[in-house]
Number of protein chains: 2
Amino acid sequence: MKNPAADRRLPLYHQIRDSIAARIADGEWGAGDCIASESQLAETYGVAVGTIRRATDLLGDEGLIERVQGRGMFVRRADFANSLFRFFRLSTENGQPLTPTSRILSRERVEPTDDVKAHLSLRSGEGAIRMVRTRESGDRVLLHEEIWLSAKAFGAIVDIEISELLPLLYPAYERLFGRVVARAKERLSVASANAVVAQALSVTPGAIVIRIERLAFDHAGNPLEWRISHGSADGFAYEIDVT
Amino acid sequence: MKNPAADRRLPLYHQIRDSIAARIADGEWGAGDCIASESQLAETYGVAVGTIRRATDLLGDEGLIERVQGRGMFVRRADFANSLFRFFRLSTENGQPLTPTSRILSRERVEPTDDVKAHLSLRSGEGAIRMVRTRESGDRVLLHEEIWLSAKAFGAIVDIEISELLPLLYPAYERLFGRVVARAKERLSVASANAVVAQALSVTPGAIVIRIERLAFDHAGNPLEWRISHGSADGFAYEIDVT
DNA sequence: GAGTGGTCTAGACCACTTG
DNA sequence: AAGTGGTCTAGACCACTCC
């Protein structure tokens with residue numbers, strides 16, 4: 001077993017799932033890479049291919065890997081297709097991401113608030129980066145975003161050509177800092193617009209807006225970025241199926 | 001194959017999944033019933049047990065059945081544990097449903113609005129039932145609900161002892177009318193409280209409230225009930241994990 | 001003890017992708 | 001043609017539930 005910490009009381013295919021997940025988290029296979037084939041894995045783990053299949057089915061269900069017949073199994077790159085932000089027309093009706101334009105309004109190194117410290121697990125004395133940006137589609141501002149990062153990990157971001165950070169931040173984190181966003185927690189609530197948000201969204205101060213907080217993590221579960229976004233509540237509707 | 005309409009181009013285990021799902025929808029096995037065992041199914045369908053396993057795994061993932069080791073496979077009763085309403089403290093922190101008290105304020109047979117007709121697929125001329133109720137926890141009103149039903153299917157509900165409709169409506173639909181709610185679509189948006197809602201929730205008219213619409217379906221996909229609920233936006237927060 | 005689902009094996013053949 | 005994942009089989013043994 002590649003991961004000796006695996007709990008031997010668990011079924012074999014769970015242990016193997018954990019081991020493969022750990023190897024992905026360790027960077028043995030990066031996003032987009034083809035991992036070893038079923039028969040190779042069966043041999044290295046000394047089990048039947050059917051057992052490898054059970055393990056990789058789990059990984060597929062969790063979205064860690066993608067299986068393509070005839071080609072292999074690939075480490076999936078997070079695409080956040082289920083994000084709450086999709087309800088702000090950040091994608092077409094077909095689900096194609098349409099990537100509205102980003103406008104970065106400010107980048108600065110500042111003292112983190114207690115909230116930021118708690119979310120990013122910053123030690124006392126550690127600095128933070130605060131970015132403000134808007135996301136626009138056509139001539140409409142859809143979102144106002146406040147983005148917080150650890151200065152220790154991302155400090156150089158304030159000196160980087162702004163074009164390097166466009167159009168999307170997560171690929172830039174990966175390209176410039178080697179930090180990969182693997183998953184996130186999002187939280188939706190309703191708030192009233194403060195002066196800054198109101199001005200950005202062209203609503204009256206105090207108007208009702210949708211607030212989405214997102215805490216983004218790497219594969220190992222370390223928090224990388226905390227983001228507070230506000231968008232107009234007008235026309236916002238979130239739909240789910242329940243059983 | 002029990003369901004001759006199954007597409008023979010599909011993998012065997014998909015055809016079997018469809019067949020078993022159809023048999024459940026047809027009422028061959030009701031909610032809570034134990035369906036045939038894996039080995040029985042394997043024999044009747046003339047396939048290996050492993051193939052039955054693939055099919056029933058699909059049904060398990062979809063939430064149609066529940067597998068219990070040593071006992072069998074059971075038709076799952078929808079519990080709506082993922083409903084948006086759980087964010088109105090309709091359940092404890094552990095996820096235990098805590099069922100706030102229901103107070104039915106009115107029941108009447110009325111002409112459906114176009115909206116109601118469209119949602120419940122009512123033919124022109126068909127009547128509708130409109131119920132209004134509140135859901136309360138302790139001394140707080142959590143939700144104000146407007147509930148629409150087809151008069152053809154549920155007409156007698158206006159004459160039934162109100163205690164028969166408590167504490168929950170869906171079990172009452174099943175007990176009194178033989179209609180089983182199997183799944184639902186929910187839609188969350190933000191609205192301002194009209195006079196009636198404001199009074200019920202003890203907020204000022206025009207205050208911001210969370211609006212949740214729910215369209216509930218039976219196993220066959222027929223709409224049974226349309227519900228428009230309003231609750232205070234204060235403290236409302238919806239959380240998800242995204243990848 | 002009989003019957004159920006849960007895990008695991010060791011093969012077979014098919015469909016698909018790539019060189 | 002070689003290699004991949006997708007489907008399917010036919011068994012084995014285990015863990016659990018119920019009588």
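In the text below, chain A, chain B and the rest are named by the order of the sequence lines, each starting its count at 1.
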**Report entry** Flag for Ser83(A)-Glu186(A): side-chain donor and acceptor within less than 3.5 Å
**Finding:** yes
Query - Electrostatic pair Arg103(A)-Glu136(A), nearest N-O below 4.0 angstrom - result: yes
**Report entry** Sidechain N-carboxylate O distance under 4.0 Å for Arg53(A), Glu38(A)
**Finding:** yes
Query raised in the report: Going 5' to 3' along DNA chain D, which nucleotides are the first and last within contact of chain A (any atom under 4.0 Å from a heavy atom)?
Result: dG3(D) to dT7(D)
Quick one: which protein N/O atoms are closer than 3.5 Å to N/O atoms of nucleotides 16-19 of chain C? Pair and distance per line, please.
| residue | atom | partner | partner atom | Å |
| --- | --- | --- | --- | --- |
| dC16(C) | O4' | Gln69(A) | OE1 | 3.4 |
| dT18(C) | OP1 | Arg71(A) | NH1 | 3.4 |

Query - Atom-pair distance (CD1 on Ile52(B); P on dT4(C)), nearest Å - result: 14 Å
Report task. Tell me, yes or no, whether the heavy-atom count around Glu43(A) atom CD, taken from other residues, nucleotides or ligands under 6.0 Å, exceeds 12. Result -> no
Report task. Using a cut-off of strictly less than 4.0 Å between a heavy atom of the residue and any atom of DNA chain C, enumerate the qualifying residues of residues 53-63 of chain A by number. Result -> Arg54(A)
Query raised in the report: Is it true that Asp218(B) and Arg183(B) make a salt bridge, defined as a side-chain N closer than 4.0 Å to a carboxylate O?
Result: no
Report task. Could you please spell out the steps behind the ring-ring contact (aromatic ring centres under 6.0 Å, His included) verdict for Phe85(B) and Phe80(B)? Result -> CA-CA 9 Å; Phe85(B) 290 108; Phe80(B) 291 72; 9.2 Å; no
Query raised in the report: Is there a side-chain contact between Ile147(A) and Ile129(A) (heavy atoms, below 4.5 Å)?
Result: no
Query - Crowding at CZ, Arg175(A) (>12 non-hydrogen neighbours, <6.0 Å) - result: yes
Report summary line: Of Glu38(B) and Ala48(A), the one whose nearest nucleotide on DNA chain C sits closer to the 5' end is Glu38(B)
**Report entry** SB check Arg17(A) Asp57(A) (cutoff 4.0 Å)
**Finding:** no
Query - Result of checking Leu224(A), Val180(A), Ile157(A) against Tyr173(A) for side-chain contact (heavy atoms from CB on, under 4.5 Å) - result: Ile157(A)
